[in-house]
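First up is the structure itself, then whatever we jot down about it.
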Amino acid sequence: MALNNSIAEIFYGIAEYLEMDNIPFKPRAYEKAAETIEALGEDLAEMYRKGGLKALEAIPGVGVSTAEKIEEFIKTGTVKYYEDLKRKMPVDIDALRKVEGLGPQSIKKLYEKLKIKNVSDLEKAAKRGKIRTLPGFGEKSEEKILKSLEFLSKASGRSIIGFAMPEIKNIKQRIAELKGVERAVVAGSVRRRKETVGDADILAVSKNPKPIMDYFVHMPEVAKVTAFGEAKSAVKMKSGLNVDLRIVPAESYGAALNYFTGSKAHNIALREIAIKKGMKLNEYGLFKVRGKKEIFVAGRTEEELYQALGLRYIEPEMRENTGEIECARENKLPHLIGYGDLRGDLQVQTSWTDGAESIETMARAAAKAGLAYIAITDHTKNLAMTHGLDEKRILQQMAEIENVEKKLKSEGITITLLKGSECDILKDGSLDLPDSVLAKLDIVGIGVHSSFHLSRDEQTKRIARAMENKNADILFHPTGRILQKRDAYDVDMDEIVTTAKKTGTILEIDALPERADLKDEYIRKCVEAGVKMSIDSDAHSAIHFQLLEYGIAQARRGFAERKDIVNAWPLPQMKKFLKG
DNA sequence: GCCGTTTTCGGCCCGACTGTTTTCAGTCG
């Protein structure tokens with residue numbers, strides 16, 4: 001979806017330029033279009049090919065003008081309007097915007113007065129003390145710029161949620177235990193369970209915020225205080241994590257939680273509903289506006305807030321303004337799969353290949369985690385570096401699995417161990433083990449682990465061919481992405497979803513935080529197409545069963561219900577769904 | 001520039017904090 005991203009970037013850029021000239025409303029329009037396009041599950045060029053300008057205009061937030069610019073980009077690779085703006089002011093907005101405290105107005109001023117075009121110009125000017133001479137800037141703004149530049153050069157940016165969670169939970173807990181704190185919760189993108197989080201928003205309820213804020217900004221791990229007030233403070237931790245703390249009175253708890261959970265787009269949509277009802281929504285509550293008087297309507301809980309707006313309660317994982325509000329209005333919200341709903345785990349590695357622990361250790365850990373069944377799915381021989389299993393070793397492993405199951409049963413531990421495989425999909429789409437062997441297994445997972453750079457067409461055909469195999473039950477980590485390390489391979493997911501439906505193949509949601517593969521938009525496609533999914537830990541050690549939670553979060557972000565997830569079903573029902 | 005369960009024209013989310021200012025613009029979420 002490289003094209004979509006390029007166009008989104010251009011629209012963001014246009015928004016910035018218009019903002020510099022203080023043009024009202026248009027920047028928001030371009031931003032909105034960019035946001036929708038970024039989150040779009042379909043390729044714009046494809047949509048345009050099929051439906052022309054009309055199809056583009058049907059995208060929410062895209063109108064006549066933006067549709068024409070998309071068309072222009074598809075045809076020529078540039079947008080003249082944007083090129084003209086850039087020529088008028090050739091600055092690296094993207095990079096400069098990342099400097100804390102620099103917005104469009106400041107960037108414009110810096111360019112016009114000091115000819116600053118990029119981050120290196122900015123650094124030079126700041127070091128020479130030139131920035132403090134500009135109107136509206138002073139010594140402090142100059143210092144702030146230098147500090148931010150220093151931080152940017154070693155900044156890690158966003159963190160993968162599963163990796164950041166322990167630190168976030170720890171800080172929240174410390175705040176919660178302070179005297180005078182009635183409650184403290186994590187809000188923001190962490191509560192919405194985004195794959196990666198840029199910062200942690202903590203919300204606390206207290207009548208006496210001052211000492212709490214004092215504690216917060218003086219925690220020993222704080223590297224820098226970026227804001228310090230009674231209602232709101234913000235810090236950067238030594239780890240690189242940004243943490244915001246907001247403190248509100250109890251009667252505003254629900255409104256504040258809703259506001260600080262976001263997403264921004266969801267909040268804006270809620271406020272627009274409030275306005276239409278003659279009300280006003282902010283982080284302190286929902287208010288009826290009667291002339292100058294504001295009468296409190298709701299805000300103690302999120303539930304009463306949604307109700308007062310005429311909506312059903314929306315789970316945080318769905319709050320991205322991608323259709324959930326309409327569902328809530330029409331009472332058509334899905335009943336999302338719950339965090340305690342999984343009964344099994346269909347991808348588990350052991351020390352037979354690249355896992356850290358024995359079949360027995362993994363089985364005991366799974367039972368302890370409350371699972372009723374797991375599939376042992378070690379790699380196959382093509383993955384030589386993991387000492388992948390060949391025909392002979394996998395038969396040995398099957399016998400061993402039976403022994404372990406019996407042993408545990410004799411101790412009163414009842415967990416079903418399915419004999420499985422993470423069978424390698426070879427370059428031509430054939431599988432790494434012969435059908436005769438695969439047929440003996442209870443469950444066969446298939447996955448791509450090599451030849452990531454085939455063309456879209458070849459990659460799609462390769463995977464589809466593997467899915468057609470009558471023994472292939474689940475496609476593991478379907479897009480192969482590793483967050484912040486490796487992009488998904490180029491594959492037509494619409495085609496994969498169609499093939500899954502046709503062949504009865506399950507698509508996996510791999511719960512490893514750095515994979516989170518499928519991503520939410522593909523999960524929604526599966527839900528809509530009636531394609532079943534599994535949520536697997538991809539466990540390589542006993543503690544990894546805890547990571548299933550992140551897979552469930554991902555499924556919830558994709559609107560999945562229990563009926564969509566096969567390992568949320570009892571074992572007999574799940575087995576019945578398998579091909580073999 | 002986009003949009004319509006008040007509208008095809010006239011609206012467009014809201015408040016806290018900062019730094020540079022003497023009342024506010026800019027930035028952020």
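Below, chains carry the letters A, B, ... as their sequence lines are ordered, and counting in each starts from 1.
- When rounded to the nearest whole Å, the span between NZ of A:Lys26 and P of B:dC2 equals 10 Å.
- Side chain of A:Phe25, nearest nucleotide from B:dG26, B:dC14, B:dC12: B:dC12.
- Of the listed nucleotides (B:dG29, B:dC17, B:dG1), B:dG29 has the atom at the smallest distance from the side chain of A:Lys264.
- Annotation: side chain of A:Lys232 is not in contact with side chain of A:Glu283 (no heavy-atom distance under 4.5 Å).
- Summarising the geometry, the separation between CG on A:Asn282 and P on B:dG29 is reported as 19 Å, rounded to the nearest angstrom.
- For A:Glu35 and B:dC2, the CD to P distance is 15 Å, given to the nearest whole Å.
- B:dT7 and B:dC12 have their C1' atoms separated by 13 Å, given to the nearest Å.
- Between the C1' atoms of B:dT5 and B:dG1, the separation comes to 23 Å (whole Å).
- Scanning both residues, A:Glu294 and A:Lys280, for their nearest heavy atoms gives OE2-NZ, 2.7 Å.
- Across all strands shown, B:dT8 forms no Watson-Crick or G-U wobble pair with both key distances under 3.5 Å.
- For the C1' atom pair drawn from B:dG4 and B:dT8, the interatomic distance equals 8 Å after rounding to whole Å.
- Here the side chain of A:Ile275 is nearest to one of B:dC28, B:dT18, B:dC14, namely B:dC14.
- Here the side chain of A:Glu272 is nearest to one of B:dG29, B:dC12, B:dC17, namely B:dC12.
- Looking at A:Val64 and A:Glu57, their side chains come closer than 4.5 Å, going by heavy atoms from C-beta outward.
- The side chain of A:Thr66 lies closest to B:dG1 when the candidates are B:dG29, B:dT18, B:dG1.
- Counting non-hydrogen atoms under 4.0 angstrom, A:Pro60 reaches the backbone sugars and phosphates but no base.
- Across all strands, A:Lys280 comes closer than 4.0 Å only to sugar-phosphate atoms, never to a base (heavy-atom distances).
- With A:Glu195 contributing its side chain and A:Ile161 its backbone, the two residues share no donor-acceptor pair below 3.5 Å.
- Across all strands, A:Leu102 comes closer than 4.0 Å only to sugar-phosphate atoms, never to a base (heavy-atom distances).
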Per-nucleotide protein contact string for nucleotides 19-24 of chain B (B base, S sugar-phosphate only, - none; heavy atom under 4.0 Å) = SS----
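- Of the candidates B:dA16, B:dC28, B:dG26, B:dG26 carries the atom nearest the A:Ser106 side chain, counting heavy atoms from C-beta on.
- Distance check on atom P: B:dC9 versus B:dC17 gives 43 Å, rounded to whole Å.
- Partner of A:Tyr81 under the side-chain contact (heavy atoms from CB on, under 4.5 Å) criterion, chosen from A:Lys69, A:Glu72, A:Glu68: A:Lys69.
- Between the side chains of A:Glu38 and A:Tyr12, at least one donor-acceptor pair of N or O atoms lies under 3.5 Å.
- Of all nucleotides listed (B:dT18, B:dC14, B:dC28), B:dC14 comes nearest to the side chain of A:Tyr259.
- Straight-line distance between the P atoms of B:dT27 and B:dT21: roughly 15 Å, to the nearest whole Å.
- Across all strands shown, A:Arg329 has no heavy atoms under 4.0 Å from either base or sugar-phosphate atoms.
- With rounding to whole Å, A:Leu286 atom CG is found 12 Å from B:dG15 atom P.
- Residues A:Lys127 and A:Leu146 have side chains in contact (heavy-atom distance under 4.5 Å, counting atoms from C-beta outward).
- Remark: P of B:dG1 and CG of A:Leu85 are 11 Å apart, rounded to the nearest angstrom.
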task = For salt bridge (charged side-chain N to carboxylate O under 4.0 Å, His left out), just list the numbers for A:Glu100 and A:Lys236, CA-CA rounded to whole Å, side-chain angles, deciding distance to a tenth of an Å, and then say yes or no.
result = CA-CA 12 Å; A:Glu100 219 180 284; A:Lys236 258 189 168 83; 3.1 Å; yes
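- Taking 4.0 angstrom as the limit, A:Arg246 places none of its side-chain polar atoms (N or O) nearer than this to OP1 or OP2 of B:dG29.
- The phosphate of B:dA16 (OP1 or OP2) has a side-chain N or O of A:Tyr284 nearer than 4.0 angstrom.
- Between B:dT18 and B:dG11, the two P atoms lie 35 Å apart (nearest whole Å).
- With B:dG1, B:dT6, B:dG15 as the candidates, the nucleotide lying closest to the side chain of A:Lys276 is B:dT6.
- One atom, CD of A:Glu326, and another, P of B:dG4, lie 10 Å apart when rounded to the nearest Å.
- Atom P of nucleotide B:dG29 and atom NZ of A:Lys232 are separated by 7 Å, given to the nearest angstrom.
- Looking at the side chain of A:Gln105, the nearest of the listed nucleotides B:dC14, B:dT27, B:dC17 is B:dT27.
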Side-chain donor-acceptor contacts of residues 198-215 of chain A below 3.5 Å, not counting sequence neighbours, with atom names and distances?
unit_1: A:Ser206; atom_1: OG; unit_2: A:Gly180; atom_2: O; d: 2.8
unit_1: A:Ser206; atom_1: OG; unit_2: A:Asn208; atom_2: N; d: 3.0
unit_1: A:Tyr215; atom_1: OH; unit_2: A:Arg174; atom_2: NE; d: 3.2

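- Distances from the side chain of A:Ser65 to the nucleotides B:dC14, B:dG1, B:dC17 place B:dG1 closest.
- In the model, A:Asn22 has a side-chain atom that pairs as donor or acceptor with a side-chain atom of A:Gln105 under 3.5 Å.
- Heavy-atom distances to DNA chain B give each of A:Tyr30 and A:Asp199 a nearest nucleotide, and the one nearer the 5′ end belongs to A:Tyr30.
- Rounded to a whole Å, the CG atom of A:Leu110 is 13 Å from the P atom of B:dG26.
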